[in-house]
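Read the structure below first, then the notes.
All residue numbers refer to positions in the sequence shown, counting from 1. Computed from heavy atoms alone, side chains included, the values below leave out hydrogens, waters and symmetry copies.
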Amino acid sequence: MNPNSRICRQPVVAIVGHIDHGKTTLLDQIRKSSVAAKETGGITQRVSAYEILHAGAEGDRAITFIDTPGHEAFQKMRERAGAAADIAILIVAADDGVKPQTIEAHKAILAANIPYIVAFTKVDKDTANLERAKDSVAKEGIYLEGLGGDVPYAAVSGKTGEGVNELLDLIVLVADLHNISCDAGAAMEGVVLESTRDARIGISATIIVKQGRLTIGDFAVSGQAYAPIRMLEDFSGTKSKEITCGKPGRLSGFTGEPQVGALVTVVKTKKEAEELIKKNKQPEAPEARRAEESDDNVRIRLVLKADTIGSLEALEYEIQKVKEERVELLMVAKNVGPINENDVKLLIGFSPAIILGFNVK
């Protein structure tokens with residue numbers, strides 16, 4: 001950010017695409033880390049946000065990246081990441097071409113109405129065929145620059161680093177062409193990317209600040225939850241006094257779990273936070289009509305626990321696809337955090353009943 005101006009030119013970039021097309025490996029190359037090796041089954045299970053400093057021809061530019069899962073079950077998370085971003089990178093493996101989640105990711109980009117770049121990954125592989133990959137995106141109505149369209153593209157390798165600097169230059173160019181900027185002096189607005197529950201620090205949220213700034217001493221409000229801002233962490237976990245627009249941050253101490261994709265605003269006092277929550281309260285929707293019971297039906301009651309809200313959504317999405325004749329699945333409760341005694345109590349006296357936990361103790 002220019003010290004003489006409140007205007008920040010740090011774009012937020014979402015990386016989206018099909019599973020195993022090299023999204024996280026590319027991001028690893030960009031920020032010189034090794035997140036991909038730590039993921040369960042090699043699949044990104046949550047939305048993560050990172051900040052890098054790119055040394056371009058016109059000087060250093062900060063860029064925020066959002067890494068998103070590519071598996072079908074994580075569609076909602078990808079859509080939210082697109083909505084939080086200024087620019088999208090649509091990943092297409094040069095050895096594989098367009099796949100089902102590529103198409104879904106492209107739809108999410110169009111719905112978010114943001115500019116995007118196509119990055120053809122894995123160009124270092126012997127089986128890579130860049131021209132065939134270009135044809136595959138054209139068949140889906142994605143028309144590249146120089147090939148009858150205006151969508152910029154780059155050929156990259158997350159493994160070797162080939163083309164990565166050119167991709168970063170392209171991001172800066174697109175950001176400038178579309179005049180992507182935010183006002184650090186405006187009223188704070190942010191978007192919740194992910195929320196988690198920890199026994200030590202309580203409920204936390206990863207937030208992208210879209211305008212203004214998060215500052216120690218204020219109160220952050222999101223939906224039916226608020227948090228006194230006593231401690232802020234940047235993307236690396238380093239404590240910070242404020243998080244300005246265009247940057248990701250982590251805030252702990254929420255009174256409830258902020259909904260992923262929800263707006264975050266700030267007020268000065270606890271009283272203002274409580275009043276805003278009352279205004280945000282939505283009337284309860286009528287209970288969904290349950291399927292008619294039959295003496296022959298087996299009703300299986302489920303309690304679902306996961307490490308993050310995003311993972312919880314993905315698990316519920318997959319469970320809802322399970323259809324068995326004369327079997328009815330009833331979701332008794334779902335929340336983040338470790339499986340505990342209260343979860344067990346919910347199912348006492350019911351049989352059959354199952355508690356499913358993902359990435360939790």
Side-chain angles (χ1 to χ4, degrees), residues 1-3 6-13 27-28 30-35 38 44-54 60-67 81 84-85 182-223 225-270 272-273 307-310 336-338 359:
M1 184 161 56
N2 186 331
R6 304 187 311 180
I7 303 303
C8 174
R9 295 166 63 232
Q10 178 169 338
V12 178
V13 181
L27 192 55
D28 286 346
I30 290 172
R31 59 193 181 90
K32 299 290 190 267
S33 64
S34 55
V35 170
K38 301 175 186 176
T44 305
Q45 306 291 346
R46 55 180 63 81
V47 174
S48 299
Y50 311 96
E51 186 180 339
I52 65 117
L53 197 63
H54 174 52
D60 292 347
R61 285 285 291 274
I63 303 172
T64 295
F65 284 95
I66 305 172
D67 179 26
C182 61
D183 187 348
M188 186 273 167
E189 282 188 8
V191 178
V192 177
L193 280 184
E194 191 55 280
S195 65
T196 59
R197 185 187 291 264
D198 184 273
R200 293 181 301 103
I201 60 175
I203 301 170
S204 302
T206 300
I207 296 168
I208 292 286
V209 180
K210 297 297 291 180
Q211 70 172 22
R213 64 187 76 204
L214 278 172
T215 306
I216 296 287
D218 289 341
F219 287 76
V221 181
S222 182
Y226 75 87
I229 307 177
R230 298 191 181 102
M231 183 183 76
L232 288 170
E233 294 177 336
D234 66 13
F235 75 98
S236 67
T238 303
K239 290 181 175 58
S240 178
K241 291 183 179 180
E242 67 174 19
I243 305 292
T244 59
C245 58
K247 296 178 180 290
R250 190 165 183 80
L251 172 61
S252 302
F254 277 95
T255 55
E257 287 154 10
Q259 294 301 303
V260 177
L263 182 70
V264 182
T265 56
V266 295
V267 292
K268 292 296 182 183
T269 67
K270 180 180 177 181
E272 288 177 292
D307 56 340
T308 70
I309 289 288
V336 296
N359 268 359

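Between the side chain of Glu51 and the backbone N or O of Ala62, no donor-acceptor pair lies under 3.5 Å. Not one N or O on the side chain of Thr244 forms a donor-acceptor pair closer than 3.5 Å with the backbone of Arg213. Arg9 places no side-chain N or O within donor-acceptor distance of the main-chain N or O of Cys182, the cut-off being under 3.5 Å. Judged by distance alone, the side chain of Thr269 and the main-chain N or O of Glu272 form a donor-acceptor pair under 3.5 Å.
Expressed to the nearest 0.5 Å, how far CE of Met188 lies from OG1 of Thr215 amounts to 9.0 Å. Here the CD1 atom belonging to Ile52 is positioned 11.0 Å from the CZ atom belonging to Arg61, to the nearest 0.5 angstrom. A distance of 15.0 Å separates CD1 of Ile229 from NZ of Lys241, quoted to the nearest 0.5 Å. With rounding to the nearest 0.5 angstrom, the OG atom of Ser252 is 12.5 Å from the CZ atom of Arg197. Interatomic distance, Phe254 CZ to Ser222 OG, rounded to the nearest 0.5 Å: 6.0 Å. The line from CG of Leu214 to CD1 of Ile243 is 7.0 Å long, rounded to the nearest 0.5 Å.
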Taking it one step at a time, do Thr196 and Arg250 satisfy side chain to side chain contact (heavy atoms under 4.5 Å, CB included)?
CA-CA 11 Å; Thr196 59; Arg250 190 165 183 80; 2.6 Å; yes
One pair to check against side chain to side chain contact (heavy atoms under 4.5 Å, CB included): Phe219 and Val266. What are the steps and the verdict? CA-CA 5 Å; Phe219 287 76; Val266 295; over 6 Å; no
Would you please test Arg230 and Ile216 for side chain to side chain contact (heavy atoms under 4.5 Å, CB included) and show each step?
-> CA-CA 6 Å; Arg230 298 191 181 102; Ile216 296 287; 5.8 Å; no
- [ ] For side chain to side chain contact (heavy atoms under 4.5 Å, CB included), just list the numbers for His54 and Asp60, CA-CA rounded to whole Å, side-chain angles, deciding distance to a tenth of an Å, and then say yes or no.
- [x] CA-CA 5 Å; His54 174 52; Asp60 292 347; over 6 Å; no
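Residue Ile201 comes nearest to Ser204 through the heavy atom pair CD1-OG, 3.5 Å, listed as atom of the first residue, atom of the second, then distance. The minimum heavy-atom distance between Ile208 and Pro248, with the atom names listed, is CD1-CB, 3.7 Å.
Looking at heavy atoms from C-beta onward, Pro258 lies in side-chain contact with Ile203 at the 4.5 angstrom threshold. Looking at Leu193 and Ile66, their side chains come closer than 4.5 Å, going by heavy atoms from C-beta outward. Contact annotation: the side chain of Leu251 approaches that of Leu232 to within less than 4.5 Å [non-hydrogen atoms, C-beta and beyond]. Proximity of Val192 to Val264: side-chain heavy atoms (C-beta onward) are separated by under 4.5 Å at one or more points.
Aromatic ring orientation, Phe235 versus Tyr50: perpendicular (interplanar angle above 60°, classes split at 30° and 60°).
Salt-bridge check for Lys247 with Asp234: failed, with every basic side-chain N at 4.0 Å or more from each acidic carboxylate O.
Residues Thr64 and Gln10 have side chains that bring a donor and an acceptor to within less than 3.5 angstrom of each other.
In Glu242, the CD atom is crowded: over 12 heavy atoms of neighbouring residues, nucleotides or ligands sit closer than 6.0 Å.
Looking at residues two or more places apart in sequence or on another chain, you find no salt bridge (Lys or Arg N to Asp or Glu O under 4.0 Å) involving Lys239.
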